[in-house]
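Read through the structure below, which is laid out as structure tokens, and then see the notes.
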Amino acid sequence: MVREWDPRTASSDEVASVLDTLNAVLAADLPQDPPWRESSLREYLSEVMPGERRISWVAQAEPGPDGGPGPILGHVHVLLLGDIGVLEVLVHPDIRRTGLGRELVLLAARRVYQEGFQSIGVEVVGDTPAIAFYESLGFTREYVETRSVLDLGAVDWPALAQMATGIGAGYHLEFCPGGPPDDLIEAYARAKAEVRDVDDGELRPSSYDPQRLRDSLDTLHRRGMKPYIVLAQHEHSGEVAGLTEVVVPAQHPTRADQYDTIVVQDHRGYGIDRAIKARMLLELRSAEPTLAEVQTWNAQANEAMLKVNAELGYRPDREWCEYSVDVAELVHRLDAAR
Ligand SMILES: CC(C)(COP(=O)(O)OP(=O)(O)OC[C@H]1O[C@@H](n2cnc3c(N)ncnc32)[C@H](O)[C@@H]1OP(=O)(O)O)[C@@H](O)C(=O)NCCC(=O)NCCS
């Protein structure tokens with residue numbers, strides 16, 4: 001049975017069942033990734049930025065012989081933001097290739113269409129069945145990034161400590177657990193607005209103005225995701241010359257996510273990129289002692305950043321692709337095929 005599902009009011013058993021399916025999917029498709037935990041999973045699935053909406057559906061198996069509710073074996077949600085709907089679909093490996101994935105996409109797409117949105121975007125992990133799935137539905141590839149993973153157990157810490165201090169005169173680094181200090185929010189937002197060396201997924205919105213930045217930090221906290229920031233401040237002007245952001249999610253706290261890394265144009269060539277990333281890893285080592293890995297996403301053309309990441313010890317893992325489709329075309333095509 002497929003039905004709309006609200007994670008805010010769902011029973012704990014249902015949230016746990018979604019987690020079981022997610023972990024079965026990870027074990028099948030990304031066996032090197034750590035399994036997710038239940039901590040703040042409900043909040044992760046329900047909290048959104050102001051002005052955004054997430055709508056979810058689940059596919060639940062028939063009741064078992066004891067009459068208790070069957071497990072949730074499929075899940076789809078769409079996040080409505082700006083003019084697109086960002087889709088995520090999961091089908092338990094035991095019941096794949098039965099048409100459930102296609103049915104879930106059609107449900108979500110119909111809603112996105114009714115709500116007046118033009119297109120649907122989705123992040124698709126390379127070398128998994130999802131590539132053939134979305135291509136069979138007519139999605140086209142817009143963008144490819146490489147995910148790289150750093151094993152903190154293999155890091156050369158003394159070398160890293162040197163990198164963290166190898167910064168030009170006139171700058172100092174600041175570690176900010178939780179987010180940038182209030183007196184630097186405006187300068188921080190200016191740095192993000194001026195330039196953005198894409199170091200994360202394109203579908204992840206960046207925050208360019210102070211209010212949006214505050215909202216974004218607040219949303220991260222509500223979703224159980226703890227942000228850490230290292231920024232480089234230009235001493236003469238007080239401006240934020242560079243910043244790097246890492247988030248430790250309660251759902252998989254042994255593997256953190258690298259978000260934006262930015263060095264403002266005027267401040268390039270002073271070793272800021274390398275120094276802020278090295279300092280971040282040093283700080284995380286004491287702030288998050290259970291952390292074992294950090295993952296990052298880079299545009300393949302971003303050679304400078306890939307080089308610094310390789311020096312830090314990041315190893316390319318797999319392709320991470322962004323696909324999109326025109327909603328009206330998708331709905332008409334899928335309806336016609338039924
Ligand atoms: C992608 C996914 C949703 C597909 O679900 P599904 O229920 O198996 O898909 P469907 O049965 O509706 O397949 C529809 C079509 O997609 C294509 N397709 C799906 N899986 C495929 C595969 N493994 N190989 C080739 N084509 C495939 C086929 O054309 C299929 O039609 P057909 O079976 O009539 O030939 C499922 O594999 C999944 O959950 N993957 C994980 C997705 C994800 O988000 N992962 C992130 C963490 S790893």
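Just follow the structure's listing: the first ligand is 1, and inside any ligand the first atom is 1.
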- Taking only residues two or more places apart in sequence, or in another chain, which ones meet E239 in a salt bridge (charged side-chain N to carboxylate O under 4.0 Å, His left out)?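 Salt bridge (charged side-chain N to carboxylate O under 4.0 Å, His left out) check on E239 returns R190.
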- Item | R274: partners by salt bridge (charged side-chain N to carboxylate O under 4.0 Å, His left out), with sequence neighbours left out |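 With sequence neighbours excluded, R274 shows a salt bridge (charged side-chain N to carboxylate O under 4.0 Å, His left out) to E311, given in chain and number order.
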- Query: Of Q258, E293, Q295, which meets side-chain contact (heavy atoms from CB on, under 4.5 Å) against Y314?
  - Reply: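 Exactly one candidate clears the test, Q258.
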- Applying the side chain to side chain donor-acceptor pair (under 3.5 Å) test to K277, which of T244, T296, N309 qualifies?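 With K277 as partner, T244, T296, N309 yield a single side chain to side chain donor-acceptor pair (under 3.5 Å), made by N309.
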Exercise answer, ligand 1 polar atom pairs (N/O) under 3.5 angstrom:
unit_1: ligand 1; atom_1: 7 (O); unit_2: G101; atom_2: N; d: 2.8
unit_1: ligand 1; atom_1: 8 (O); unit_2: R97; atom_2: N; d: 2.8
unit_1: ligand 1; atom_1: 11 (O); unit_2: R97; atom_2: N; d: 3.4
unit_1: ligand 1; atom_1: 11 (O); unit_2: T98; atom_2: N; d: 3.2
unit_1: ligand 1; atom_1: 11 (O); unit_2: G99; atom_2: N; d: 2.8
unit_1: ligand 1; atom_1: 12 (O); unit_2: G101; atom_2: N; d: 3.4
unit_1: ligand 1; atom_1: 12 (O); unit_2: R102; atom_2: N; d: 2.8
unit_1: ligand 1; atom_1: 16 (O); unit_2: S136; atom_2: OG; d: 3.1
unit_1: ligand 1; atom_1: 24 (N); unit_2: R97; atom_2: NH1; d: 3.3
unit_1: ligand 1; atom_1: 31 (O); unit_2: R102; atom_2: NH2; d: 3.0
unit_1: ligand 1; atom_1: 33 (O); unit_2: R97; atom_2: NE; d: 3.0
unit_1: ligand 1; atom_1: 34 (O); unit_2: R102; atom_2: NH2; d: 3.4
unit_1: ligand 1; atom_1: 35 (O); unit_2: R97; atom_2: NH2; d: 3.1
unit_1: ligand 1; atom_1: 37 (O); unit_2: R96; atom_2: NE; d: 3.2
unit_1: ligand 1; atom_1: 39 (O); unit_2: V91; atom_2: N; d: 2.7
unit_1: ligand 1; atom_1: 39 (O); unit_2: V91; atom_2: O; d: 3.4
unit_1: ligand 1; atom_1: 40 (N); unit_2: R96; atom_2: NH2; d: 3.4
unit_1: ligand 1; atom_1: 44 (O); unit_2: V89; atom_2: O; d: 3.3

Sequence neighbours left out, cut at 3.5 Å: what donor-acceptor pairs do the side chains of residues 330-338 make with other protein atoms?
unit_1: H332; atom_1: ND1; unit_2: A328; atom_2: O; d: 3.1
unit_1: R333; atom_1: NH1; unit_2: L137; atom_2: O; d: 2.4
unit_1: D335; atom_1: OD1; unit_2: R110; atom_2: NH2; d: 2.7

- Message: Could you tell me if R3 sits above the aromatic ring of W57, with its cationic atom closer than 6.0 Å to the ring centre and no more than 45 degrees from the axis?
- Response: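 Because its charged atom misses either the 6.0 Å distance or the 45° angle limit, R3 does not stack over W57.
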